[in-house]
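In what follows, a single structure is set out as structure tokens and then discussed.
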Amino acid sequence: MNLAERSTELAVLNSLFIECLQGKEQIAWITGPVATGKSALLNEFSERILKRRDGLTLEATCTRFECQFEFDLIRRLFQSDGVPQIYVEQVSVLLDKAPLANIEQLQDGDVVSLEMKCIFDELRAIFIYLAEALPLVICVDDIQYADKISLRFLAYLARHARPGRVFIVLTERTGSGESWDLTDLFRQPNCHHIQLAPLSAIGVATVLARHGISKNRIDDLAPRVHELTGGNPHLVQALAEDIAEASGQLAPGNAYTLSALTILNRCDPPDIATAQALAIVNEPADATVLGQILDRTTEAAKRSLGILDAAALLDGPLFRHESIREAVLSTITTDEYAALHRRAAYTLSIHERPAGVIAAHIIEAGRIRDPWAVSILCDAAEDSLRDGEVHSAIRYLHRAYQDCDDESVRPTILADLVRGMWRIDPAAAVNHIPDLLNALRGGHLGGRQAVILTNLLLWQGQVREAVEILNARTSLLTESHAAVEPLRWAAGFLPGLADHQMPGKAVAQWRLSQNHAPGDTSLRSAMVPHIADQTTQEIQLDESTISSLLVALVHLIGSEQLIRAEQLCQALLADKERYRGSPTWEALLLAVHALIKIRTGDPAGAVADARRAMALLNAKGWGIALGVPLACLLLGYSELGEHQHAAALLRARVPEPAKETPIGALYLHARGRYYLSTGRPHPALHDFGVCEEVSARLRFDVPMLVPWRIDTAWAYLKIGDNAKAKELLTAQMEKLGEEQVWTRGLCTHAMALASPVQQRAPALRRATGMLSGNKLAQAQVLADLSHTLSQLGEARHAGITARQAKSLALNAGAPAARPSLCGPEFAVGADFVILSKDGSVADLTDAELRVAVLAAQGYTNQQISRRFYITVSTVEQHLTKVYRKLKVRRRSDLRLEHRERHGRGR
């Protein structure tokens, strides 16, 4: 056997044996922590004696299970190989007639009876007689587990071995506790103490080399292996096997784990129990806490921790590796596991550990119906919600709700549970509305919990029920900022809430708590502008600010502060730590970000954000807010020309209560825009009309969010009612402030097209400047400007402007813009066709189609020739062929229709 770093100890044993050969009886006392190689050293020495045949070796290993049997050690020593059978029989007869001694009552220092002394003398004579032929080597492993009578005899033999050649070699585990009998044995003057130390890094490297690991890898691995094993030879050997199995990679595996279990099982039960308790507590070892969990003294627990540390299972106050802790946990039965967690929870609560730490033990302990446990679970949930650990909070509150037997407290716990569920799955949260309503009516909900319920009702659009609560408990409106914060979003998105049959005092309190100006329920006054003015670093995203942040972002959009809104929203979304564990918050921020992208002319980005938002929550979970991502998708797909995707969204059902909110108006406006983009102005007019009605009822007039007047004007322009369009645009412009440049640009654009062709160009150029920052809106204006210039005969300038429009649109991720009211020559991705008399598409060449489309719109041959840089004669030839194919006589007979074409290019 090759022992690492044990040559010095072997040399000492050999030296003592040589002295024994010379007639000097010796005692070697080998000590060390669990699994540090004591047995291996003893076996190596005894094997050498056996090979050299220098002496007769009597060997035995003691165990904790046999220490109660009298003379058990002596009997097993005489079962060793090489002992003449005659002596085996003599010892057996002698011990069988020995008087029975009550080992449990045999106290330290007690004098053995006269009969027992006679037995000792006869036994000594047999040992001395054996030593006359060959030196007698007595090897006992784990002597701390030997029975007391055998220990008494060994001490007696050590004192009276002369003139025999006797060498007693004993191993004892460090920290096993002092025994009077062992002390009596080891205090003999001829006793030599050999203390085994853990392997050094050099010793570790030696073991690694024996497993075929290359020197270069050993140089890298040895320090880390030493750290993971503490130099414990058993662990070093096991980890070396794992490394060899993993082709030289440091990977603690099965061998390492089994080695840790082996070491643990060699410890005494109190030490094993301490290791199990520490694995359960899973925090730096505290002897006082562990002692109380195990109902032991602090000193006893400290002693066990020292033994575990010396055995290299621990590295100071913690397990040396997580796999060791898991191995220890595997030794605990199901019942013991629950009981240890229960005791750990109670003990840690006494020591005022953080609520989350204690709650984790309560969860693992099974049901604990004690009020202290429920209280701790609720405190831990509150801390977890504040720290963004929403799943943990929900787990704690679920357990608290199950374990609580106080029917007056359970509704409060349920309300807090719903509050946490809303951040992850609002659809699941709203299922508890009936239970909370019943609890409220029974007087079991406090102010904060009533606000949670009110928030849920408003989220689902159940304004009447929410108002009933506010009417019944007007004190809620004067609660602290944190208490009313969940309702703050409602002030921004449900501006008519304060007028729902609420008493005058309640209305005033509501408006005051929401930063309303007295008598003003408009969106802008409902916002929280001071948050928008803070730097991103100053903003804390949590339950106390999320509502105000969302309202502030919408305020920025509505007041045309799009750059600031974009910066703030992007920063919040980029820092995932801010909303970790809260898909609802992320979904709402994404929906608002999509709205920002719509208003900044990035339809592709808006669609991407809105789709991500929709994926985070199901339709029921969105409540009335579903209208926001749906509106952004409708607007984005319409701008991108992906009308098929937009049409599919119309099947989604926006909650009926949403239709009476600004969110409903936002959705209806988006649907109207879709109808406009697909050439259906009359359905668009209907939706815009409903927007007008809702906005009037809510006194919600924010054209940057819902520009219903402007788009109604576009619908009238589509059907040729320019006068009505001008009337709406004039009314809108009169309501605008100087800072509303973007909205004024939209109005100017539409007003230009409502004017005669000769007056359009200057207005369109002004609109282009007003819409800077929105490439898509600018592209649309430039497309109309190009068409206007073409109509005025300025073909060269029209072509340049058309190319600018196309470039801007493509940069915005959308198809090239085309004129708003006509002008297919600028269309990309959308074509016009000429129909035959029977309504079928005429089979024309690309050149014929281009000429026919312009001719059908009233362009002269000269204008067409300038547009396509061909001669007038060529135009006439194309038209002649078109007339012949369609069997018509004049251009006024040409039938033009807009259709999507994916087959052939223009």
How long is the straight-line distance from [atom2] of [Y] back to [atom1] of [X], given to the nearest 0.5 Å?
X    : Y    : atom1 : atom2 : answer
L73  : I149 : CG    : CD1   : 12.0 Å
T174 : K38  : OG1   : NZ    : 6.5 Å
E227 : H321 : CD    : NE2   : 10.0 Å
T8   : I194 : OG1   : CD1   : 10.5 Å
R325 : L314 : CZ    : CG    : 12.5 Å
I128 : E25  : CD1   : CD    : 8.0 Å

Evaluate the side chain to side chain donor-acceptor pair (under 3.5 Å) criterion for residues N254 and T257: first the C-alpha distance (whole Å), next the side-chain angles of each, then the deciding distance (0.1 Å), finally the verdict. CA-CA 5 Å; N254 289 334; T257 301; 5.5 Å; no

Side-chain touch [X]/[Y], heavy atoms, less than 4.5 angstrom:
X    : Y    : value
Q292 : H351 : yes
L377 : I363 : yes
F17  : V12  : no
C139 : V137 : yes
V328 : L313 : no
L77  : V140 : yes
S39  : T61  : no
T347 : V281 : no

Walk me through it: do S323 and E326 pass the test side chain to side chain donor-acceptor pair (under 3.5 Å)? CA-CA 5 Å; S323 63; E326 292 173 359; over 6 Å; no

Before you tell me yes or no, could you show the steps for F71 and F78 under ring pair (Phe, Tyr, Trp, His ring centres under 6.0 Å), namely the whole-Å CA-CA distance, both residues' side-chain angles and the distance that decides it to 0.1 Å? CA-CA 11 Å; F71 286 116; F78 276 87; over 10 Å; no

Is the backbone of [Y] close enough, under 3.5 Å, to the side chain of [X] for a donor and an acceptor to pair up by distance?
X    : Y    : answer
D242 : Y256 : yes
S330 : A327 : yes
D147 : D72  : yes
D142 : Y145 : no
N14  : L10  : yes
H341 : A360 : no
R165 : E132 : yes
R76  : A60  : no

Can you give me the closest heavy-atom contact between [X] and [Y], atom names plus distance?
X    : Y    : result
C267 : L308 : SG-CD2, 4.3 Å
A312 : G230 : CB-CA, 4.2 Å
A246 : A251 : CB-CB, 4.2 Å

Check whether the side chains of [X] and [Y] place a donor and an acceptor atom closer than 3.5 Å, and report yes or no.
X    : Y    : value
E5   : S200 : yes
S80  : E59  : no
T274 : R303 : no
S92  : E89  : no
H234 : T262 : no
E172 : Q144 : no
D383 : Y396 : no
E241 : H211 : no
H160 : Y156 : no
S46  : N43  : no
R173 : T36  : no
T331 : Q276 : yes

Is a salt bridge present between [X] and [Y], judged by a nitrogen-to-oxygen distance below 4.0 Å?
X    : Y    : value
R367 : D403 : yes
D286 : R353 : yes
D309 : K302 : no
R48  : E44  : yes

Could you walk me through whether D96 and R75 pass the salt bridge (Lys or Arg N to Asp or Glu O under 4.0 Å) check? CA-CA 10 Å; D96 286 344; R75 291 179 187 276; 3.2 Å; yes

For F120 and F153, take the angle between the two ring planes, folded into 0 to 90°, and tell me which bin it lands in: parallel under 30, tilted 30 to 60, perpendicular over 60.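 The arrangement is perpendicular - the two ring planes meet at more than 60°.
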
Can you label the angle between the Y129 ring and the Y87 ring as parallel, tilted or perpendicular, going by 30° and 60°?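 Tilted, since the angle between the ring planes falls between 30° and 60°.
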
Verify the neighbour count for atom CD1 of I202: are there more than 12 heavy atoms of other residues, nucleotides or ligands below 6.0 Å?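 No, because the 6.0 Å sphere around CD1 of I202 holds 12 heavy atoms or fewer from other groups.
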
